[in-house]
Number of protein chains: 2
Amino acid sequence: MPASMADWRSQCPLNIALEIFGDRWTLLILRDLLFKRFSTYREFQGSGEGVATNILADRLKKLVEQGIITGARSTEDARIISYKPTAKGLDLLPVVVEMILWAARYEKTAAPPRLIRHMSRDRASFIAETRARFEPDAS
Amino acid sequence: MPASMADWRSQCPLNIALEIFGDRWTLLILRDLLFKRFSTYREFQGSGEGVATNILADRLKKLVEQGIITGARSTEDARIISYKPTAKGLDLLPVVVEMILWAARYEKTAAPPRLIRHMSRDRASFIAETRARFEPDAS
DNA sequence: TCATATTACTTGCATAATGCAAGTGAGTGT
DNA sequence: ACACTCACTTGCATTATGCAAGTAATATGA
């Protein structure tokens with residue numbers, strides 16, 4: 001069936017996807033945003049993975065430009081910028097979930113087995129649950 | 001529920017996955033292997049995306065080391081090495097499919113709409129169909 | 001059989017991306 | 001006013017990628 005797939009070249013959706021989040025940091029930032037519910041630069045920074053400050057700033061900027069997250073200055077403390085996922089960002093959950101499940105299956109990871117089992121048995125509801133926690137303000 | 005998710009650090013499955021295929025080329029090579037059914041260095045090379053020869057050699061080597069593909073010298077023409085996906089490699093199909101669907105939905109791509117519709121409506125059978133074409137020799 | 005091709009790479013070097021330490025400027029708390 | 005926090009920049013070292021050319025092993029044709 002995928003005979004027409006042979007001539008995709010650089011407009012191939014996979015290539016486009018890789019241009020947007022095919023690097024070492026972008027999806028880790030998104031993981032912190034979606035699962036750990038981080039929302040500030042400082043939180044992402046102290047996440048434990050050890051992102052360089054300039055890289056973090058660059059990736060946040062690009063994610064905002066791509067419409068995957070939004071960044072809004074807090075009304076309570078004007079120093080703080082609060083980042084949130086957009087609908088486009090939340091729709092990356094299936095990608096992230098499949099990546100996590102693959103790694104948990106084939107590599108030694110620190111993933112809690114119960115969580116993996118839940119994710120694996122019912123991807124749709126796991127994603128729906130995660131998504132639900134952002135519903136009120138998902139752009 | 002993901003409260004235990006907060007302390008994943010570098011053993012986080014997402015981070016592990018990114019260390020394995022979180023670069024600009026690895027998944028493109030896998031796409032050619034899985035969808036275009038390419039199997040030789042020369043085919044990957046002429047794929048149109050324009051991989052540098054040293055990068056291609058490096059990625060093929062790493063994919064073999066990771067057990068995602070195998071490389072076997074052809075019995076008919078000993079110059080040719082034929083690469084094939086392993087079960088671990090075939091299990092990356094869900095990841096690739098979700099990435100393709102996300103990009104096709106949010107970005108301008110050259111993806112044939114009929115194919116995307118098929119992929120999207122029934123991911124499982126699309127994956128099964130693709131997988132079936134490798135069944136006889138999927139390590 | 002012996003020059004010519006072909007396949008799968010290496011190698012060397014230029015350029016771009018990433019990593020690290022230190023610094024900046026707006027905003028806050030006291 | 002002063003120290004402090006937050007979200008970044010900046011400059012420079014290191015690493016990864018990109019490009020052109022070269023090489024070894026095998027095959028092909030006269």
Side-chain angles (χ1 to χ4, degrees), chain A residues 9-10 14-15 17-33 36-66 68-85, chain B residues 9-10 14-15 17-33 36-66 68-85:
Chain A
R9 289 212 168 229
S10 197
L14 186 63
N15 186 50
L18 287 167
E19 278 174 8
I20 296 170
F21 58 83
D23 72 289
R24 288 281 285 103
W25 294 112
T26 302
L27 288 183
L28 290 177
I29 293 167
L30 228 40
R31 171 204 64 184
D32 289 348
L33 187 76
K36 300 187 188 169
R37 297 198 58 93
F38 286 177
S39 65
T40 70
Y41 184 96
R42 188 144 289 262
E43 284 174 311
F44 293 123
Q45 158 103 289
S47 168
E49 301 281 6
V51 212
T53 58
N54 53 346
I55 303 293
L56 176 55
D58 178 73
R59 295 305 185 274
L60 287 171
K61 191 178 140 217
K62 281 177 179 162
L63 282 168
V64 169
E65 284 168 4
Q66 292 287 344
I68 290 168
I69 65 174
T70 57
R73 205 164 279 274
S74 164
T75 48
E76 294 178 355
D77 184 339
R79 286 171 304 182
I80 294 172
I81 293 180
S82 183
Y83 295 99
K84 294 187 192 313
Chain B
R9 289 211 165 228
S10 197
L14 186 63
N15 185 50
L18 287 167
E19 277 173 10
I20 296 171
F21 57 82
D23 72 288
R24 285 282 285 105
W25 294 111
T26 302
L27 288 183
L28 291 176
I29 294 168
L30 228 38
R31 171 204 64 185
D32 289 348
L33 187 76
K36 299 188 190 170
R37 297 198 58 93
F38 287 177
S39 65
T40 69
Y41 184 95
R42 189 142 289 261
E43 284 174 312
F44 293 124
Q45 159 108 284
S47 169
E49 302 280 6
V51 212
T53 59
N54 53 346
I55 303 291
L56 177 55
D58 178 74
R59 296 304 187 274
L60 286 171
K61 192 179 140 217
K62 282 177 179 162
L63 282 168
V64 169
E65 285 169 3
Q66 291 287 346
I68 291 168
I69 66 175
T70 57
R73 205 164 279 274
S74 164
T75 47
E76 294 178 356
D77 185 339
R79 286 171 304 182
I80 293 173
I81 292 181
S82 183
Y83 294 99
K84 294 188 192 313

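Within every chain, numbering begins at 1; the chains are lettered A, B, ... in the order of the sequence lines, protein sequences first and strands thereafter.
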Atom pair CD (A:Glu19) and CG (A:Leu14), whose distance is rounded to the nearest 0.5 Å:
10.5 Å
The side chain of B:Ile80 is closest to which nucleotide in this list: D:dA27, C:dA8, D:dA20?
C:dA8
Taking any heavy-atom pair under 4.0 Å as a contact, classify B:Phe44: base, sugar-phosphate, or nothing.
nothing
Hey, are A:Ser74 and A:Asp77 close enough side-chain-wise for a donor-acceptor pair under 3.5 Å?
no
Rounding to 0.5 Å, atoms OG1 (A:Thr70) and CD1 (A:Ile81) come to a distance of 11.0 Å
Side-chain N or O of B:Tyr83 versus OP1/OP2 of C:dT7: is the shortest distance under 4.0 Å?
no
Reckon B:Asn54 touches a base, only the sugar-phosphate, or nothing at all at heavy-atom distances under 4.0 Å?
base
Measure from the side-chain heavy atoms of A:Ala52 and tell me the nearest of D:dT17, C:dC20, C:dG27.
C:dC20
On a heavy-atom basis, which atom in B:Leu18 and which in A:Asp23 lie closest, and how many Å separate them?
CD2-O, 3.8 Å
How many whole angstroms separate atom CD1 of B:Ile81 from atom C1' of C:dT6?
14 Å
Do B:Thr40 side-chain and C:dT7 base share a donor-acceptor contact under 3.5 Å?
no
Round to the nearest Å and state the distance from A:Gln45 atom CD to C:dA21 atom C1'.
12 Å
Options C:dG27, C:dT10, C:dA22, nucleotide nearest the side-chain atoms of A:Thr53
C:dA22
Is there a donor and acceptor pair closer than 3.5 Å between the side chain of B:Arg79 and the base of C:dT6?
yes
Touch check for B:Arg73, heavy atoms < 4.0 angstrom, all strands: base, sugar-phosphate only, or nothing?
nothing
Gap between atoms CD1 and C1', on B:Ile29 and C:dA8 respectively (whole Å):
14 Å
With respect to the side chain of A:Tyr41, which nucleotide from C:dC9, D:dC8, D:dA27 is positioned closest?
D:dC8
Between B:Tyr83 and B:Phe38 (side chain of the first, backbone of the second, donor and acceptor by atom type, cut-off under 3.5 Å), is there such a pair?
no
note: A:Arg59, atom CZ; D:dA7, atom C1'; distance rounded to Å ~ 17 Å
What about B:Arg42: does its side chain form a donor-acceptor pair under 3.5 Å with the base of C:dT7?
no
Of the nucleotides C:dT10, D:dA27, D:dG18, which has the atom closest to the B:Trp25 side chain?
D:dG18
